[in-house]
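In what follows, a single structure is set out as structure tokens and then discussed.
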Amino acid sequence: MSLLDAAMETFTIIDKTTMSDGYGGTITTWSDGAQIQAAATYDTSMEARVAAVQGVTSVYTITTSKSVELDYHDVVRRESDGKVFRVTSDSKDKKTPPSASLNMRQVTAEAYTLPR
């Protein structure tokens with residue numbers, strides 16, 4: 001088992017469904033989707049701290065295998081503690097090349113509270 005594999009834990013992708021409320025508005029519901037293996041790390045670099053002071057909230061990095069594609073604004077929940085994250089980048093932008101033996105993708109994310 002690699003160090004990267006050892007860092008992975010279970011996350012659940014939270015699916016958003018929007019439908020008409022019958023009165024011209026919408027109703028949004030959130031439900032559990034697929035479970036994935038991922039690792040979330042808090043960015044403690046000086047640049048991230050300066051950005052946080054300036055209001056930027058993308059201070060987490062979520063690492064998955066290349067087979068998992070998270071898109072901008074996808075929402076995931078870490079099962080170990082229930083913490084919810086919203087993806088703030090696109091996983092197509094940061095992945096290891098096909099020739100690499102390391103199998104990973106990364107996205108930035110922010111802590112998130114699901115709207116009611």
Side-chain angles (χ1 to χ4, degrees):
M1 173 184 283
S2 73
L3 187 57
L4 183 60
D5 291 336
M8 298 291 181
E9 56 185 305
T10 302
F11 281 68
T12 300
I13 298 173
I14 308 297
D15 294 326
K16 177 182 178 180
T17 304
T18 306
M19 56 188 173
S20 172
D21 67 359
Y23 299 101
T26 60
I27 298 171
T28 300
T29 58
W30 299 88
S31 59
D32 289 359
Q35 288 195 330
I36 60 171
Q37 293 297 301
T41 55
Y42 186 73
D43 187 350
T44 59
S45 69
M46 184 56 72
E47 293 85 0
R49 286 187 256 169
V50 169
V53 168
Q54 295 173 347
V56 176
T57 58
S58 301
V59 293
Y60 290 89
T61 299
I62 297 178
T63 303
T64 65
S65 69
K66 284 194 286 189
S67 63
V68 176
E69 288 190 21
L70 295 174
D71 294 320
Y72 186 74
H73 279 197
D74 277 352
V75 177
V76 297
R77 181 182 61 241
R78 184 169 50 201
E79 291 303 317
S80 63
D81 60 3
K83 187 171 187 84
V84 176
F85 302 90
R86 182 172 66 170
V87 175
T88 57
S89 68
D90 190 346
S91 65
K92 293 174 185 71
D93 296 336
K94 194 171 183 183
K95 64 182 178 180
T96 54
S99 60
S101 61
L102 191 58
N103 174 18
M104 65 180 231
R105 272 182 205 272
Q106 289 186 316
V107 294
T108 57
E110 63 185 352
Y112 188 65
T113 303
L114 290 174
R116 301 250 176 220

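The first residue of the sequence shown is numbered 1, and numbering continues consecutively from there. Below, all heavy atoms of this structure are taken into account, side chains as well, without hydrogens, waters or symmetry copies.
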Path from Tyr42 to Val76 over hydrophobic side-chain contacts below 4.5 Å: yes
Under the ring pair (Phe, Tyr, Trp, His ring centres under 6.0 Å) test, residues paired with Tyr23 that sit two or more places apart: none
Residue pairs passing the ring pair (Phe, Tyr, Trp, His ring centres under 6.0 Å) test where at least one lies in residues 94-116, sequence neighbours excluded: none
side-chain hydrogen bond (donor to acceptor under 3.5 Å, both in side chains) against Lys66, all qualifying residues, sequence neighbours excluded: none
Single hit among Asp21, Thr18, Thr17 for side chain to side chain contact (heavy atoms under 4.5 Å, CB included) with Ile27: Asp21
Salt bridge present between Lys92 and Asp71 (N-O < 4.0 angstrom): yes
side-chain contact (heavy atoms from CB on, under 4.5 Å) between Val84 and Val75, intermediate numbers included: CA-CA 7 Å; Val84 176; Val75 177; 3.5 Å; yes
Pairing residues for Phe11 by the ring pair (Phe, Tyr, Trp, His ring centres under 6.0 Å) criterion, not counting sequence neighbours: none
With Asp93 via salt bridge (charged side-chain N to carboxylate O under 4.0 Å, His left out) - residues at least two apart: none
Min side-chain heavy-atom separation Val107-Asp90 under 4.5 Å: no
Interatomic spacing from CD in Glu69 to CG in Asp74 - rounded to 0.5 Å: 10.5 Å
Residue pairs involving residues 69-98 (criterion ring pair (Phe, Tyr, Trp, His ring centres under 6.0 Å); sequence neighbours excluded): Tyr60-Phe85
Listed partners of Thr64 passing side-chain contact (heavy atoms from CB on, under 4.5 Å), at least two apart: Ile36, Ala38, Ile62, Val68, Leu70, Arg105
Sequence-distant partners of Asp15, side-chain hydrogen bond (donor to acceptor under 3.5 Å, both in side chains), two or more places apart: none
Rounded distance (nearest 0.5 Å) linking atom CD of Glu110 with atom CZ of Arg86: 4.5 Å
Partner residues of Pro98 under the side-chain contact (heavy atoms from CB on, under 4.5 Å) criterion, sequence neighbours left out: none
Side-chain donor or acceptor of Ser89 paired with backbone N/O of Thr108 under 3.5 Å: yes
Of all pairs that satisfy side chain to side chain donor-acceptor pair (under 3.5 Å), the ones with a partner from residues 24-40, not counting sequence neighbours: Thr10-Gln37, Thr12-Gln35, Asp32-Arg77
Results of side-chain hydrogen bond (donor to acceptor under 3.5 Å, both in side chains) for Thr96 - residues two or more places apart only: none
Closest approach of Met8 to Ala39 (non-hydrogen atoms, all atoms of both residues): SD-N, 3.6 Å
Residues in side-chain hydrogen bond (donor to acceptor under 3.5 Å, both in side chains) contact with Ser20, at least two apart in sequence or another chain: none
